[in-house]
Amino acid sequence: MEQNQVEKMMDKILDDNEATSKKLTEKEILEQNDSNDSLVDEVPRGIHPLKRAITFDGNCMEEIAYDLDQLTPIQYLNLVKRLSKKRQIAVPEVDMEVQISYFALSTGIPVTILKSQLTASDYAQICGLVRTFLLGASAEELEED
C-alpha cells in the first residue's frame, strides 16, 4: 500500500486530536479498516434509474441493471486494446469512451444505443460510476484529488 494512501486512511480513522498525538502502524490501520466495513465505496452491481427512458430490443427501459464485477480482466484489456486502435488512450480508467464501453459490456446493451439515447446527465453519471469502480475509490476520495 502506498504511503500516501496509508496517511489518508490514518486521517479518516483517527480524529483530529489523536492524529497529532498517536501514530498507527500500517497493520493497525488495515485492521481498523477491516472492522469499519472498508472505506472504499465500490458499486459493482446495481440499477441505474434513467432520467429519460431508452429503447432496446423493442423494450422501453426506464432503468438499467448492471454488474461491473462480471467482466474479467482479459475482457477489460481487450476492450482497451480495441479502443486504442482508434485513438491513443493515456489512462483508460478515466477515459469516457472506455467507461461507457465497459458499462455496455456489463449490461449487454450495445454502446451505440447508450451513446445515442442516454441523456447527457445519465451518460456522465454512468461514466463516473465506472470510473469510481475501476479506480477502486469512493466518490469523496475522487473529488479530493
Side-chain angles (χ1 to χ4, degrees), residues 1-16 18-19 24-145:
M1 181 173 282
E2 292 182 30
Q3 185 64 26
N4 191 13
Q5 289 175 319
V6 171
E7 290 171 2
K8 281 184 179 181
M9 290 172 69
M10 282 178 131
D11 290 341
K12 288 183 180 185
I13 293 171
L14 299 173
D15 64 24
D16 292 335
E18 288 180 315
L24 295 178
T25 66
E26 183 174 349
K27 183 179 177 184
E28 291 171 325
I29 291 171
L30 292 174
E31 288 170 357
Q32 284 187 357
N33 187 28
D34 288 341
S35 67
N36 289 336
D37 295 330
S38 181
L39 297 174
V40 176
D41 183 21
E42 294 183 21
V43 283
R45 299 185 179 90
I47 296 177
H48 179 78
L50 299 172
K51 295 195 180 351
R52 182 181 66 219
I54 63 171
T55 305
F56 172 60
D57 277 346
N59 298 320
C60 183
M61 302 171 65
E62 294 182 2
E63 58 188 22
I64 300 175
Y66 60 89
D67 183 358
L68 301 177
D69 266 342
Q70 76 176 344
L71 276 71
T72 64
I74 195 70
Q75 289 174 301
Y76 175 64
L77 293 171
N78 286 337
L79 167 72
V80 172
K81 186 177 181 181
R82 183 172 42 91
L83 293 173
S84 294
K85 288 181 181 179
K86 296 178 184 175
R87 62 179 178 77
Q88 188 173 5
I89 299 173
V91 182
E93 295 80 7
V94 296
D95 186 280
M96 290 181 89
E97 187 72 27
V98 171
Q99 294 163 355
I100 197 68
S101 298
Y102 191 96
F103 187 79
L105 285 174
S106 77
T107 63
I109 300 172
V111 72
T112 54
I113 298 291
L114 295 174
K115 286 182 176 180
S116 65
Q117 294 187 33
L118 288 175
T119 64
S121 175
D122 281 327
Y123 185 88
Q125 287 177 354
I126 287 169
C127 288
L129 177 80
V130 174
R131 179 187 62 241
T132 299
F133 173 78
L134 292 175
L135 292 175
S138 69
E140 294 82 22
E141 288 172 333
L142 291 175
E143 288 173 5
E144 289 174 7
D145 292 341

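Closest approach of F56 and P110 over heavy atoms only: CE1-CD, 3.1 Å. Scanning all heavy atoms of the two residues, the minimum distance from L50 to M61 falls at CD1-O, 3.5 Å. When every heavy atom of S101 is checked against every heavy atom of L83, the shortest pair comes out as OG-CD1, 3.8 Å. Looking at every heavy atom in both residues, S106 comes nearest to D67 through CB-O, 3.4 Å. Here the closest non-hydrogen pair linking E62 and A53 is CG-CB, 3.9 Å. T55 and I113 make their closest contact through O-CG2, 3.9 Å (heavy atoms, listed as atom of the first residue, atom of the second, distance).
With D122 contributing its side chain and K51 its backbone, the two residues share a donor-acceptor pair below 3.5 Å. Here the side chain of R52 pairs a donor or acceptor atom with the backbone of Q117 at under 3.5 angstrom. A donor-acceptor pair under 3.5 Å is absent between the side-chain atoms of Y102 and the main chain of R131, judged by distance alone.
Between the CD1 atom in I54 and the CG atom in L114 there is a gap of 5.5 Å [rounded to 0.5 Å]. Here CD of Q70 is found 8.5 Å from OG1 of T107. Values are rounded to the nearest 0.5 Å. With rounding to the nearest 0.5 Å, the separation of CD1 in I126 from CD in Q99 is 11.0 Å.
Here the options are L68, V111, L71, the test is side chain to side chain contact (heavy atoms under 4.5 Å, CB included), and the partner is L105; only L71 passes. R82 pairs in a side chain to side chain contact (heavy atoms under 4.5 Å, CB included) with only one of the listed residues (V80, N78, L79), which is L79.
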- Go through the steps to decide whether I100 and L118 satisfy the test side chain to side chain contact (heavy atoms under 4.5 Å, CB included), and finish with yes or no. CA-CA 11 Å; I100 197 68; L118 288 175; 4.2 Å; yes
- Evaluate the side chain to side chain contact (heavy atoms under 4.5 Å, CB included) criterion for residues Y66 and V130: first the C-alpha distance (whole Å), next the side-chain angles of each, then the deciding distance (0.1 Å), finally the verdict. CA-CA 10 Å; Y66 60 89; V130 174; over 6 Å; no
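A search for side chain to side chain donor-acceptor pair (under 3.5 Å) contacts involving E93 returns Y76, not counting sequence neighbours. Looking at residues two or more places apart in sequence or on another chain, you find a side chain to side chain donor-acceptor pair (under 3.5 Å) between R87 and D95.
Taking the six-membered ring where tryptophan is involved, the planes of H48 and F103 are perpendicular, since the angle between them exceeds 60° and thus also 30°.
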